[in-house]
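The next block holds one structure in the form of structure tokens; read it before the comments.
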Amino acid sequence: MGSLGLATINLPKISSPVKKPIVISTWDSGMPVNAEAWKILSNQGKSVDAVEAGAIYIENDINCCVGLGGFPDRDGIVTLDACIMDEKANCGAVAGLEQIKHPISVARKLMETTPHVILVGAGAQQFALENGFKLEEKKLSDDASKAYNQWLIQSKYQPEINIENKKQNGPFAPNFFEDGTANHDTMGLVAMDFNGDLSGAVTTSGMAYKIHGRVGDSPIIGAGLFVDNEIGAATSSGVGEEVIRICGTHLVVEFMRNGYSPEMACKKACERIVKRDPKKAATLQVGFLALNKKGEYGGYAIQKGFVFSVKSNDENEIHSTKFLI
Ligand code: GLY
């Protein structure tokens with residue numbers, strides 16, 4: 001009996017229903033990417049198919065700074081990085097891949113047909129060609145070519161932060177600016193399907209004007225992408241070296257395992273980067289994005305300006321993240 005003499009009923013604990021399916025992706029350019037993934041998710045398709053479809057969509061966009069339309073390295077060569085991970089912790093990645101339009105699909109092929117997880121450079125290209133992918137022309141997009149020639153004048157390697165606030169030069173907009181500095185370069189997306197299974201994909205041309213052969217966080221499982229189907233999934237964007245140093249997305253998922261919300265987990269990962277070297281962190285941008293098994297999501301960044309896109313049955317929105325500095 002309760003204190004008022006009323007019989008107490010053991011009601012089941014009320015918890016909010018899981019929000020699924022859902023897909024979230026980095027930046028406002030994630031909106032059409034989500035729409036593509038949604039075609040699969042809304043038809044009860046698998047999250048791994050949805051995230052691959054989203055990545056393929058953006059890799060096809062020659063005006064986007066992801067895929068072969070992306071910015072080259074300092075030698076004028078576009079090298080692509082991508083990875084994919086499913087609900088069973090199957091994963092595949094390619095790094096430094098040249099002249100192949102869909103690195104995400106090469107990564108998936110590697111995941112599904114070999115015992116390996118990462119292929120790089122010439123080996124990745126050879127694997128792609130052996131598996132029916134076409135060798136594309138070695139050519140920069142018009143925009144990337146203009147930006148690269150501009151950049152060559154000073155050849156200064158300095159990733160920009162808060163580039164969203166920079167005044168854009170009309171003909172070069174929206175992806176780069178009159179001095180050749182490039183806009184953000186990474187598409188990361190994570191999704192949960194009708195079954196509640198999580199997957200993620202990342203695709204990028206990497207940091208613009210990088211040293212030839214440089215690999216960032218994007219194709220590194222646990223850095224640019226991590227999925228744990230019991231807990232959640234996370235992806236990142238920004239200066240990949242800083243993300244790799246803290247195994248960023250694995251860390252975010254572990255924070256969620258310890259009870260943090262997706263947003264707080266992302267915040268704590270950002271704090272880890274800043275704590276290591278606050279002065280350096282003040283000069284760079286990293287953003288994390290996370291989704292948990294309840295369909296709750298959140299993001300956080302070191303600097304102002306990181307946004308992400310969300311698509312579910314309830315919403316189709318762009319969200320700004322909070323930031324540390
Ligand atoms: N986050 C992309 C890169 O560092 O290459």
Side-chain angles (χ1 to χ4, degrees), residues 25-30 33 55 58-59 64-75 77-85 93-98 103-104 107 118 120-121 124 144 147-148 151 157-164 175-176 181-190 200-226 233-252 266 269-270 272-273 280-281 283-290 299-303 305-308 321:
S25 54
T26 50
W27 304 109
D28 45 359
S29 50
V33 168
I58 200 93
E59 287 170 352
C64 178
C65 38
V66 163
L68 290 177
F71 297 101
D73 60 27
R74 68 179 186 182
D75 296 338
I77 303 165
V78 176
T79 64
L80 304 179
D81 302 333
C83 73
I84 190 160
M85 189 166 190
V94 289
L97 181 60
E98 293 177 34
I104 195 66
I118 307 182
V120 302
Y148 178 57
W151 176 81
Y157 179 68
Q158 183 155 24
E160 292 263 331
I161 54 166
N162 287 339
I163 202 154
E164 288 74 20
N175 292 331
F176 63 93
T181 49
N183 209 338
H184 34 72
D185 53 18
T186 306
M187 174 51 58
L189 64 160
V190 294
V202 182
T203 186
T204 186
S205 52
M207 201 63 85
Y209 319 127
K210 61 198 174 186
I211 294 172
H212 185 65
R214 176 265 187 191
V215 175
D217 59 326
S218 300
I220 308 296
I221 299 296
L225 175 69
F226 196 68
T235 188
S236 60
S237 187
V239 178
E241 284 75 3
E242 298 307 310
V243 179
I244 292 171
R245 282 190 180 99
I246 62 156
C247 296
T249 54
H250 183 263
L251 186 62
V252 169
C266 292
C270 289
R272 188 71 66 90
I273 294 173
K280 186 172 177 199
T283 69
L284 56 87
Q285 175 67 307
V286 168
F288 291 105
L289 187 54
Y300 221 93
I302 294 179
Q303 311 276 345
F306 182 49
V307 301
F308 65 94
T321 62

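Note that these values count all heavy atoms, side chains included, but never hydrogens, waters or copies made by symmetry. Whatever order the structure lists them in is the order used to number ligands and atoms, beginning at 1. None of these values were measured; they are calculated from a predicted model.
Taking the side chain as every heavy atom from C-beta outward, T235 and F226 never approach each other to under 4.5 Å. E241 places a side-chain heavy atom less than 4.5 Å from the side chain of R214.
Taking every non-hydrogen atom of T186 and a distance limit under 4.0 Å, the qualifying atoms of ligand 1 come out as 1 (N), 2 (C). Taking a cut-off of under 4.0 Å to the non-hydrogen atoms of G206, the atoms of ligand 1 that pass are 5 (O). Using a 4.0 Å cut-off to heavy atoms of S218, the atoms of ligand 1 that qualify are 1 (N), 2 (C).
Side chains of T79 and E98: no donor on one and acceptor on the other come within 3.5 Å.
Close N/O approach between D217 and ligand 1 is found [any backbone or side-chain N/O within under 3.5 Å]. Between G240 and ligand 1, an N or O atom pair is found at a separation short of 3.5 Å. Taking any N or O of G238, backbone or side chain, at least one lies under 3.5 Å from an N or O belonging to ligand 1.
Note: Q285 CD to C270 SG = 8.0 Å, rounded to the nearest 0.5 Å.
The main-chain N or O of G213 is never found under 3.5 Å from a side-chain atom of D73 such that the two would form a donor-acceptor pair.
Taking the ring centroids of W151 and F71, they lie at or beyond the 6.0 Å cut-off.
Comparing heavy-atom distances from atom 4 (O) of ligand 1 across R214, E241, Q285 singles out R214 as nearest.
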